[in-house]
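Contents: one structure, followed by commentary.
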Amino acid sequence: MIKAVRGTRDLLPPDTALWNFVEAAARDVFRAYNFQEIRTPIFEETQLFSRSVGEETDIVSKEMFTWEDRGRAQSDKGQSLTLRPENTAGVVRAYVEHKLWERGLNKLYYIGPQFRRERPQKGRYRQFYQIGAEVIGPPTAGSESPARDAEIIELLATFLDRLGIAGWNLELNSVGCPNDRASFNEALRKALRPVVSKMCADCQRRAVTNPLRVFDCKVPEDQPIIAKLPRISQFLDEPCRKHFRELQGILNSVGVPFAINDRLVRGLDYYTRTAFEFTHGALGAQNAVLGGGRYDGLSESLGGPSAPGIGFAIGEDRLVMSLKESAEPVLRRPDVYIAPLGPGMNREAARLARELRRHDLVVELGDESFRLKKSFETATRVGAKFTLIVGENEVKADSFAVKNLETGEQVSVRRQELVARIQSDR
RNA sequence: GUGGGAGUAGCUCAACUGGCAGAGCACCGGACUGUGGCUCCGGACGUUGUGGGUUCGAUUCCCAUCUCCCACCCCA
């Protein structure tokens with residue numbers, strides 16, 4: 001048997017109703033904040049990701065689905081293509097390519113699948129779905145302002161509250177400018193040198209490859225050492241400090257609760273200044289339901305103009321998972337089950353079904369070969385509110401038996417009154 | 001990529017130390033030829049994840065492999 005490949009899955013009813021509910025809520029919220037939708041290709045040139053996300057990151061170094069496309073001519077070397085592992089790079093590429101600043105498009109959102117070749121786990125799939133948004137634009141448009149950061153974060157709080165997701169936590173940090181990060185990295189390496197030999201194997205490796213990640217260590221014995229290490233907050237220059245202070249001021253003003261976590265570091269190279277993460281308890285080890293941050297230099301590194309930006313990505317799979325704890329998906333049940341009874345009745349039933357559906361009623365249609373008992377059983381099973389019997393008697397009298405399956409009450413309704421009658425009792 | 005657990009009917013799960021693969025729910029039919037839910041009776045249900053091996057005989061033991069779950073790594 002052919003099965004869905006490792007790390008991918010089918011989303012089936014009734015779950016798809018929940019997914020649609022989440023996406024509809026997201027679109028509603030985006031509209032209120034005047035974001036517009038963008039859809040970028042599902043694969044891009046590999047270079048886009050290695051240059052923006054970062055050559056040394058786990059995503060680029062070992063988690064991308066990459067292949068070489070065939071060249072046009074036999075002799076051509078094909079180009080290297082990659083299924084997108086995240087969507088910010090694609091959006092910024094489109095921003096630069098189409099000069100979107102000239103059209104005043106600076107608030108964009110997307111909903112769609114992303115791909116990473118990781119070991120699957122609960123809440124982690126190789127094809128996963130993200131809902132994300134980006135605010136990006138020339139500095140003169142205010143895109144650098146902490147007001148944009150605050151607006152994005154407040155939007156997210158609104159969205160989660162609206163979905164009825166209780167118990168989320170917001171963690172906030174600033175990772176500074178590239179300069180700050182460089183001097184911090186230097187200081188961190190220096191501080192680690194004398195103590196690193198006493199730390200766990202993972203940390204020894206991190207100290208070499210990516211010192212920032214030492215802060216993620218969960219080994220208890222290492223914690224006293226980590227506590228004494230320098231913090232990024234000590235290395236922020238004055239503009240970055242001010243930016244971070246102002247962001248906190250606005251969040252306090254609008255009443256979005258947060259906690260400063262000066263160990264929060266984002267994995268991707270392009271992040272600057274604001275970094276944040278919303279977590280939810282019910283998700284096990286993969287507790288981050290969404291993350292985001294600022295990327296002031298990304299446009300330039302992709303050959304575009306200066307265009308500071310901030311964005312986020314919601315892990316839709318994880319969001320739906322935590323939503324499932326509280327809400328069961330609700331499918332719309334059929335209003336009417338039409339039971340054609342006897343030879344030739346399919347024709348009449350089809351006409352009636354068409355008529356009812358035109359009036360926005362949900363109709364399930366049986367078959368003239370079914371015995372009436374079977375029709376009623378089916379009507380009950382699919383959850384129809386009414387059964388409409390279409391038999392020879394009804395057609396002759398032009399008046400149809402309509403039975404309310406919840407009350408058991410049955411009446412005879414003339415053809416002209418069917419729609420009105422069913423709509424009013426629905 | 002590393003370590004651990006699990007795969008048996010559509011679903012949830014049984015099957016002693018290696019001895020005829022089962023139950024509940026769901027599904028189909030009948031009791032009831034134009035009336036559902038409740039009840040009763042009957043039916044179909046299977047490559048025991050896959051491929052090898054040991055054995056008279058393997059769901060059970062061994063090897064390989066695939067998938068899921070848990071943790072690590074990392075992230076949404």
Side-chain angles (χ1 to χ4, degrees), chain A residues 1-9 12 53 56-63 84-88 111-132 156 200-203 205-206 209-210 212-213 216-219 264-268 271 276-280 283-293 311-322 337 339-342 345 366 368-394 400-410:
Chain A
M1 186 181 32
I2 299 177
K3 297 189 292 186
V5 305
R6 179 177 173 80
T8 70
R9 56 179 182 157
L12 304 174
V53 174
E56 303 304 321
T57 60
D58 279 18
I59 292 178
V60 171
S61 64
K62 56 187 197 199
E63 293 173 359
R84 62 186 190 197
E86 56 98 53
N87 218 333
T88 298
I111 298 176
Q114 319 291 339
F115 306 84
R116 288 182 204 171
R117 220 193 124 80
E118 296 181 274
R119 182 101 170 227
Q121 209 175 312
K122 192 182 195 66
R124 165 190 287 174
Y125 304 94
R126 289 183 164 193
Q127 174 172 337
F128 61 104
Y129 295 81
Q130 287 189 330
I131 301 173
L156 287 164
C200 67
D202 278 334
C203 281
R205 181 179 49 76
R206 291 180 184 123
T209 58
N210 193 352
L212 275 179
R213 297 241 79 96
D216 289 337
C217 180
K218 284 153 196 141
V219 179
L264 177 67
V265 290
R266 306 254 80 223
L268 315 185
Y271 281 114
F276 61 90
E277 202 166 280
F278 283 71
T279 58
H280 192 265
L283 293 174
Q286 311 303 324
N287 66 346
V289 67
L290 74 90
F312 63 84
I314 302 169
E316 194 175 358
D317 306 77
R318 293 178 187 176
L319 187 66
V320 168
M321 208 179 293
S322 48
Y337 182 94
L341 190 61
M345 289 301 129
E368 63 188 28
S369 69
F370 295 166
R371 292 184 15 235
L372 192 57
K373 174 186 169 59
K374 175 173 171 163
S375 287
F376 269 96
E377 283 171 348
T378 306
T380 302
R381 196 180 64 234
V382 302
K385 177 86 187 277
F386 298 98
T387 298
L388 169 60
I389 300 173
V390 182
E392 235 176 295
N393 302 341
E394 281 78 7
F400 297 83
V402 175
K403 182 169 183 177
N404 184 322
L405 292 172
E406 285 159 21
T407 64
E409 180 197 14
Q410 180 168 327

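So that the names make sense, note that chain A is the first sequence line, chain B the second, and so on, each numbered from 1. Predicted model only: the values in this text are computed from it and were never measured.
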Whole-Å gap separating [atom2] ([N]) and [atom1] ([X]):
X        : N     : atom1 : atom2 : answer
A:Asp58  : B:U2  : CG    : C1'   : 14 Å
A:Ile131 : B:A76 : CD1   : C1'   : 11 Å
A:Met321 : B:C70 : CE    : C1'   : 14 Å
A:Lys374 : B:G30 : NZ    : C1'   : 13 Å
A:Arg126 : B:U67 : CZ    : C1'   : 11 Å
A:Ile2   : B:C66 : CD1   : C1'   : 14 Å
A:Ile314 : B:A76 : CD1   : P     : 13 Å

Does [X] reach a base, just sugar-phosphate, or nothing at all? Heavy atoms under 4.0 Å.
X        : result
A:Glu118 : base
A:Arg381 : sugar-phosphate
A:Ala379 : nothing
A:Phe278 : nothing
A:Gly383 : nothing

Say we look at [N] and [M]: how far apart would their [atom1] atoms be, to the nearest angstrom?
N     : M     : atom1 : value
B:C13 : B:A6  : P     : 14 Å
B:C16 : B:C38 : C1'   : 39 Å
B:G51 : B:U8  : P     : 16 Å
B:A9  : B:U48 : P     : 10 Å
B:C20 : B:U59 : C1'   : 14 Å
B:U17 : B:U12 : P     : 26 Å
B:C27 : B:C68 : C1'   : 26 Å
B:U2  : B:A44 : C1'   : 46 Å

Please state whether the base of [N] and the side chain of [X] form at least one donor-acceptor pair under 3.5 Å?
X        : N     : answer
A:Arg119 : B:G3  : yes
A:Arg9   : B:C68 : no
A:Arg124 : B:C74 : yes

Can you tell me if [X] uses its side chain to pair, donor with acceptor, with the backbone of [Y] under 3.5 Å?
X        : Y        : value
A:Arg116 : A:Pro85  : yes
A:Arg381 : A:Phe376 : no
A:Gln114 : A:Phe128 : no
A:Asp317 : A:Gly123 : no
A:Arg126 : A:Glu118 : yes

Mind checking the [atom1]-[atom2] spacing from [X] to [Y]? Nearest 0.5 Å is all I need.
X        : Y        : atom1 : atom2 : result
A:Phe276 : A:Leu290 : CZ    : CG    : 6.5 Å
A:Tyr129 : A:Ile111 : OH    : CD1   : 12.5 Å
A:Gln130 : A:Ile314 : CD    : CD1   : 9.5 Å
A:Tyr125 : A:Thr8   : OH    : OG1   : 11.0 Å
A:Arg318 : A:Met321 : CZ    : CE    : 8.0 Å

(message) Taking CD in A:Glu392 as the centre, count heavy atoms belonging to other residues, nucleotides or ligands within less than 6.0 Å. Is the count above 12?
(response)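 It does not: A:Glu392 CD has 12 such atoms or fewer within range.
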
(message) Looking only at the side chain of A:Gln121 (C-beta and beyond, no hydrogens), which of the listed nucleotides B:A76, B:A71, B:C28 gets closest?
(response)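 Out of B:A76, B:A71, B:C28, the nucleotide with an atom closest to A:Gln121's side chain is B:A71.
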
(request) Grab the two heavy atoms, one from A:Thr279 and one from A:Ala288, that are nearest each other, plus how far apart they are. (result)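 What the structure gives for the nearest pair is CG2-CA, 4.2 Å.
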
(request) Decide, yes or no, whether a salt bridge links A:Lys403 with A:Glu409 under the criterion of side-chain N to carboxylate O below 4.0 Å. (result)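 Looking at A:Lys403 and A:Glu409, the cut-off is not met.
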
(message) Please compare A:Gln130 and A:Lys62 by the position of their nearest nucleotide in RNA chain B and report the one closer to 5'.
(response)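 On the 5' side of the pair lies A:Lys62.
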
(request) Find which nucleotide of RNA chain B each of A:Ala4 and A:Leu290 is nearest to by heavy atoms, and output the residue with the more 5' nucleotide. (result)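 The residue closer to the strand's 5' end, by nearest nucleotide, is A:Ala4.
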
(request) Kindly indicate whether the side chain of A:Leu405, heavy atoms from C-beta on, has any atom under 4.5 Å from the side chain of A:Lys385. (result)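 SC-SC contact between A:Leu405 and A:Lys385 ruled out.
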
Pairs under 3.5 Å (N/O, protein and nucleotides 5-13 of chain B):
none

(request) Go ahead and write out RNA chain B as dot-bracket, 5' to 3': ( ) for pairs within the strand, [ ] for ones crossing earlier pairs, | when the partner sits on another strand, dots for unpaired; Watson-Crick or G-U wobble, both distances under 3.5 Å. (result) (((((((..((((.....[..)))).(((((.......))))).....(((((..]....))))))))))))....

(message) I need a per-nucleotide contact map over nucleotides 33-43 of chain B, read 5' to 3'. Cutoff is protein heavy atoms under 4.0 Å; write B for the base, S for backbone only, - otherwise.
(response) -BBBB------

(message) Tell me whether the side-chain N/O atoms of A:Arg6 come closer than 4.0 Å to OP1 or OP2 in B:C68.
(response)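 For B:C68, OP1 or OP2 has a side-chain N or O of A:Arg6 closer than 4.0 Å.
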
